[in-house]
Number of protein chains: 2
Amino acid sequence: MHVSTMRDTLTLFVRWDYLGTYMISLLNRSGRQLFDPLIQKLRSLGVDSDTELDAVLNRIKVRAGTRRGEDIIAPGRSARHSTLLLEGVACLYERPPDGNRQIYAFQYSGDFCDLHQHVLPETNNEVAVTALTDCSLGIIEHKDLEQLIAQYPSLGLALWRASMLEASIFRKRLLNVGRQPALQRVAHLLCEQLARREAVGINSATIPLTQMDLADAAGLSIVHINRTFQELRRLNILSKGGRTIKVVDRERLVDLANFDGNYLNMPQLLSHWQVKIEHKRRSQATGLSWVVTG
Amino acid sequence: MHVSTMRDTLTLFVRWDYLGTYMISLLNRSGRQLFDPLIQKLRSLGVDSDTELDAVLNRIKVRAGTRRGEDIIAPGRSARHSTLLLEGVACLYERPPDGNRQIYAFQYSGDFCDLHQHVLPETNNEVAVTALTDCSLGIIEHKDLEQLIAQYPSLGLALWRASMLEASIFRKRLLNVGRQPALQRVAHLLCEQLARREAVGINSATIPLTQMDLADAAGLSIVHINRTFQELRRLNILSKGGRTIKVVDRERLVDLANFDGNYLNMPQLLSHWQVKIEHKRRSQATGLSWVVTG
DNA sequence: CGGCGGCTTGATTCGAGTCAAGAACCGTGG
DNA sequence: CCACGGTTCTTGACTCGAATCAAGCCGCCG
């Protein structure tokens, strides 16, 4: 199904900021729910004209979704279109020859799955994307994308920013995987997920990942992840009952992980996600002060 | 000193591909040697018109260099210009509160030191760049850069590509740090350095880093790096005499690290940097074949 | 109700960190 | 030219966090 069939709906919800929240919630699922995270994301990346948003949305085609466990982008081959995650959770990963799986990043609604392949088509074909929950997907032809970028340079900049943001996440992960013990490592990873989910409007404290997913992302064995989870539960940070990962004490989690969400570039809701000042030892040299949050 | 004082020289060497190699080598140091890696890099990123190269080069001002150990970009503050590494080796790093240093990436001549701060000025101010050897630096005003990108969209794309390339490096590092034991981890890191150095015309087998630098990049303790080096020497991969890190058996190093340089996007000289086919177990599903190199 | 994927547990091993000390090297200044 | 002080490198002894191996368990879906 091509999105242009719901064009009327689109131009309506694209201007959501002119409408009340209540009206929006009346819009149907395929319209609002599907594209809202993307809109939110593009806006936060600096796309501020409705014309541009509209233009982008009109080029997006909805493609068949995938079920949990299926690959969204198979390793090794690149396509002539970019894929967009509209609903669900996915991950960018790579399987080294030894059969392991390293998860590079989790992806949420509104994220592009394979921008890298658009800009560097030949490079790095080993990375793939797989669905961690059932997913809804959109695609946009590379040529459409190029045309849009040519027409709206600020869109190009926004996508560039999105890439840098991803890079920023990779760096932080590198820091954590390289230097932090298991407990903080996992805590940080969980913080990142909560923050990124909130940034696209997902406010649930439950993170729909398995312990295996976390293990593959954190670079820890499943067994050790499990023991770490037990510790987090003992600390009353994760909920004790049930098998789902549910954060019950976000504050303590942030504290434990020494999480500073600044690197995620979420202008709207940063306030929750900064470490309190006493946990941060700034070099005297720069003399910058920190936002203190409650 | 502003570069326009050597403008005549510049427009000459910018067109180096029309001249013979021998003529080039006659050009003076400040002209050819300083900008050649940058030119090489921009070309490999897809900037193929001399007009564009020329335009970029003309906006670059040479700034005072730094000595080994000094910060090129201090943590915490962003400037109104981007900095460009013209000569020497630097690293992008971050110091977590515990005083550790995590090196995210090594930078070589031709690399932009702080593209991230140009695209995402507010985000992630903790990262910094420091000189690992004495360095020559150039700067380019953000407004000049923006203007250039507006005028030459392919330049914007090239810089976007450069960022994605960096991200690609981060990912591979993440894989290695997260999953590989010390020996292969270090080996991979060394391969990456050799490959990237070659890509900008530095062909020496000696890598001008200290064991501490490697430790901070690999996420290992100095003591353990040292023991790993001893192992690499015992395997006749690193040279035995002296304290410099010199690779004497690149082939075996690549082999040990299972290094596939593909992710580095170096069209010119990839052939050296691919793992032999028997070390690569491809999934049957994709059916891609591999370039076999001798 | 049976099987399989995900979670939990315990026992054991091992790679890498830490601590501590000494040696080799380098630039600097007398 | 040499003596000095600070890095950088090396080595050994010890510790510890996390991997591995091996079961067993729980709960869901067909």
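Residue numbers begin at 1 in each chain, while the letters A, B, ... track the order of the sequences. Any value given below was found using the heavy atoms of this structure, including those in side chains, with hydrogens, waters and symmetry copies removed.
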Base-paired stems that DNA chain D participates in, counting runs of 3 or more Watson-Crick or G-U pairs under 3.5 Å: C:1-6 with D:25-30, C:8-30 with D:1-23
Under a plain distance cut-off of 3.5 Å, with no hydrogens placed, do A:Y263 and B:E126 share a side-chain donor-acceptor pair? no
Decide yes or no on salt bridge (Lys or Arg N to Asp or Glu O under 4.0 Å) for A:R179 and B:D216, but give the supporting numbers first. CA-CA 9 Å; A:R179 292 289 177 207; B:D216 287 347; 3.6 Å; yes
Going by side-chain contact (heavy atoms from CB on, under 4.5 Å), name the residues that satisfy it together with B:A187, two or more places apart in sequence or in a different chain. B:L253, B:L256, B:A257
Do the side chains of B:E192 and B:R196 get close enough for a salt bridge, i.e. N-O under 4.0 angstrom? yes
Quick one: ring-ring contact (aromatic ring centres under 6.0 Å, His included) pairs with a partner in residues 201-232 of chain B, sequence neighbours left out? none
Charged N to carboxylate O below 4.0 Å: is that the case for A:R250 and A:D255? no
Salt bridge check: are B:K172 and A:E94 linked by an N-O gap of less than 4.0 Å? yes
Under 4.0 Å protein heavy-atom contact, by nucleotide of nucleotides 7-18 of chain C - B base, S sugar-phosphate only: SBBBB----BSB
Sequence neighbours left out, what pairs pass ring-ring contact (aromatic ring centres under 6.0 Å, His included) with at least one residue falling in residues 167-218 of chain A? A:H188-A:F259
Going by atom types only, do B:D71 and B:Y93 share a side-chain donor-acceptor pair under 3.5 Å? yes
Min and max contacting nt of DNA chain D in 5' to 3' order, chain B heavy atoms within under 4.0 angstrom, are D:dT8 to D:dA13
Distance only, no hydrogens: is a donor on one side chain within 3.5 Å (strictly under) of an acceptor on the other, for A:Y104 and A:E166? no
